Amino acid sequence: MIEVYSEARDETIKIDRVIGHIKGSKPGPTIVFFGGIHGNESSGVFALHQMIADLQNKKNSIKGQIYAIAGNLKALEKGTRYCSEDLNRLWTEDQLKTLENDPTESLADEKLEQQVLLQLIKEIIEKESGPFYFMDLHTTSSETLPFIVVNDSLLNRKFTEQLPVPMILGIEEYLDGPILSYINELGYVSFGYEAGQHDDLASYQNQTAFIYLCLVLAECIDRKEIDYYHYYEQLAKHTATSKDIFEIVFRFRIHRGDTFEMHPGFVNFQRVKKGQEMAIRNNKTVVAKHDGRVFMPLYQNQGSEGFFEIRKVHPLFLKLSAVLRKIKAGHILPFLPGIRWQSAEKKALVVNLKVARFLAKRLLHLLGYRAKEVDKNKLVIKNREAASRTKEYAAVWNK
């Protein structure tokens, strides 16, 4: 058990890895919330702790299972983003394979935290019944409106589009190893939620509203059992763009050993112009690459992304992409010139852009693929829909 402090609430609570678990009186979904994957983001932990306490006397009204899990215990106790390395960048295929072969006693800090979390996730999936929903609660270093970060699968879209907050697509193309990308690769609904600035009391309130809305939307609890419209309004009141959907088009990467200072005053969704001065890295000016909006500007010491740039996605593009994915139009890609399977396992395709010049990222997104740039002439792409366990959610969503 550790102690976690919230500056916004001026309060300390004691928690274990499993903050709480509620088993409903009726069968239903399994919902897993993570809080504190970054140790300086405690508002989600406090909101989950309070939710577990508040729902203990409502078990007869709950369907399925609710798990509230604390992420990086050591970092939470210290109040730092991480101790040695970012826990939310470790969930890569190579790192997970390495973890399987490492004895527990050889692990330290975040890798030990990861091994414990990995085992817990596996146990929940093996023991409980679906459909499964995984939500990761975060806050940001700069002031922000609440928003959702989503790996762009149709399953994720279908659930998150019901929430009254902006949605950011495509984060998996720019970040290596987030925990929710790992869970998406298992085929389950999973996404991240950013509630506000780290030490803002409103972030705790936004976390609470988000948690209860998700419980209702997953049909774990009836909206009559909570103050549903209050929680909905808590999130919807923040922005006129509450239903807008954006995609990431650029990430400014900070490398180990770099010095980086974001210019003051930038906030999420603020419009920026191509060429506008954004930050200073290694004593050189950094400028915006596109006309668009700034996203996740870094105003803390730890972190490897200085900022992102995003642009709004037209609803017609989303509808077209859904149609093309459902008819599996992307299955034609391996037969086109300049495209080949990366390995015999056929998990990813390699695109030679010198040959397949027609294959822009936007077209790949339409067909349901995410792309990682190897160099200016080569992409590695994966089908976002291949792993989705669509049938497991159909019984609920097709009512």
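Only this structure's heavy atoms are used, side chains among them; waters, hydrogens and symmetry mates stay out. In this text the structure is predicted, and so the values were computed from the model without any measurement. All residue numbers refer to positions in the sequence shown, counting from 1.
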Does the distance from a Lys or Arg side-chain N to an Asp or Glu carboxylate O, for K63 and E219, drop under 4.0 Å?
no
Passes side-chain hydrogen bond (donor to acceptor under 3.5 Å, both in side chains), N151 versus S181? Steps please.
CA-CA 7 Å; N151 286 11; S181 289; 3.1 Å; yes
Linked, directly or transitively: [X] and [Y] (ILVMFWY side chains, under 4.5 Å):
X	Y	result
I339	L363	yes
I37	V150	yes
Y231	M51	yes
V116	W91	no

Can you label the angle between the Y188 ring and the F134 ring as parallel, tilted or perpendicular, going by 30° and 60°?
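Tilted.
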ring-ring contact (aromatic ring centres under 6.0 Å, His included) partners for Y228, two or more places apart:
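So Y228 forms no ring-ring contact (aromatic ring centres under 6.0 Å, His included) with any residue.
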Step by step, work out the side-chain contact (heavy atoms from CB on, under 4.5 Å) result for L155 and Y393.
CA-CA 8 Å; L155 278 182; Y393 298 87; 3.8 Å; yes
With salt bridge (charged side-chain N to carboxylate O under 4.0 Å, His left out) as the rule and sequence neighbours excluded, what pairs involving [range] come up?
range	answer
residues 17-30	R17-E113
residues 128-142	none
residues 333-346	none
residues 185-210	E185-R370

Go through the steps to decide whether F307 and V286 satisfy the test side-chain contact (heavy atoms from CB on, under 4.5 Å), and finish with yes or no.
CA-CA 11 Å; F307 62 91; V286 177; 3.8 Å; yes
Carefully, step by step, assess F34 and L137 under the rule side-chain contact (heavy atoms from CB on, under 4.5 Å).
CA-CA 6 Å; F34 298 102; L137 309 182; over 6 Å; no
For [X], give me all partners under side-chain hydrogen bond (donor to acceptor under 3.5 Å, both in side chains), at least two apart in sequence or on another chain.
X	answer
R325	D152, E385
S190	N184
E77	none
E126	none

E11/S6 under side-chain hydrogen bond (donor to acceptor under 3.5 Å, both in side chains): CA gap, chis, key distance, verdict:
CA-CA 5 Å; E11 180 183 356; S6 166; over 6 Å; no
Closest heavy-atom contact between N206 and Y193?
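Scanning both residues completely, I find the closest heavy atoms to be O-OH, 3.1 Å.
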Derivation of the salt bridge (Lys or Arg N to Asp or Glu O under 4.0 Å) call for E247 and R311:
CA-CA 6 Å; E247 66 176 347; R311 65 184 173 201; 3.0 Å; yes
Can you tell me how far apart [atom1] ([X]) and [atom2] ([Y]) are? Round to the nearest 0.5 Å.
X	Y	atom1	atom2	value
I15	I52	CD1	CD1	12.0 Å
M262	I280	CE	CD1	10.5 Å
M135	L213	CE	CG	10.5 Å
I179	L87	CD1	CG	6.5 Å
K237	L145	NZ	CG	12.0 Å
S129	Q65	OG	CD	7.0 Å

Please, which pairs that meet ring-ring contact (aromatic ring centres under 6.0 Å, His included) have at least one residue in residues 39-75, sequence neighbours excluded?
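As it turns out, the ring-ring contact (aromatic ring centres under 6.0 Å, His included) pairs with a partner in residues 39-75, which skip direct neighbours, are H21-Y67.
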What pairs meet the ring-ring contact (aromatic ring centres under 6.0 Å, His included) rule with one or both residues in residues 332-355, with sequence neighbours excluded?
none
Apply salt bridge (Lys or Arg N to Asp or Glu O under 4.0 Å) to E85 and list each qualifying residue two or more places apart in sequence or on a separate chain.
K111
Given D176, which partner from the list K372, R251, R89 fulfils the salt bridge (Lys or Arg N to Asp or Glu O under 4.0 Å) test?
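Only one of K372, R251, R89 forms a salt bridge (Lys or Arg N to Asp or Glu O under 4.0 Å) with D176, namely K372.
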So, is the end of the R384 side chain (NZ or CZ) under 6.0 Å from the ring centre of Y369 and within 45° of the ring's axis?
no
Cation over ring face, R293 and F308, 6.0 Å, 45°:
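Here R293 fails the 6.0 Å and 45° test against F308.
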Verdict with reasoning, H38 to E41, per side-chain hydrogen bond (donor to acceptor under 3.5 Å, both in side chains):
CA-CA 6 Å; H38 292 138; E41 303 175 17; 3.1 Å; yes
Looking at the rings of [X] and [Y], which for Trp means the six-membered one, are their centres under 6.0 Å apart?
X	Y	answer
Y133	F159	yes
Y174	F250	no
F295	F147	yes

Could you walk me through whether H365 and E173 satisfy the side-chain hydrogen bond (donor to acceptor under 3.5 Å, both in side chains) test, starting with their C-alpha distance in whole Å, then the side-chain angles of each, then the deciding distance to 0.1 Å, before giving a yes or no?
CA-CA 11 Å; H365 294 166; E173 289 191 330; 2.8 Å; yes
Going through the checks in order, is the side-chain contact (heavy atoms from CB on, under 4.5 Å) test met by I221 and I66?
CA-CA 10 Å; I221 190 169; I66 304 171; over 6 Å; no
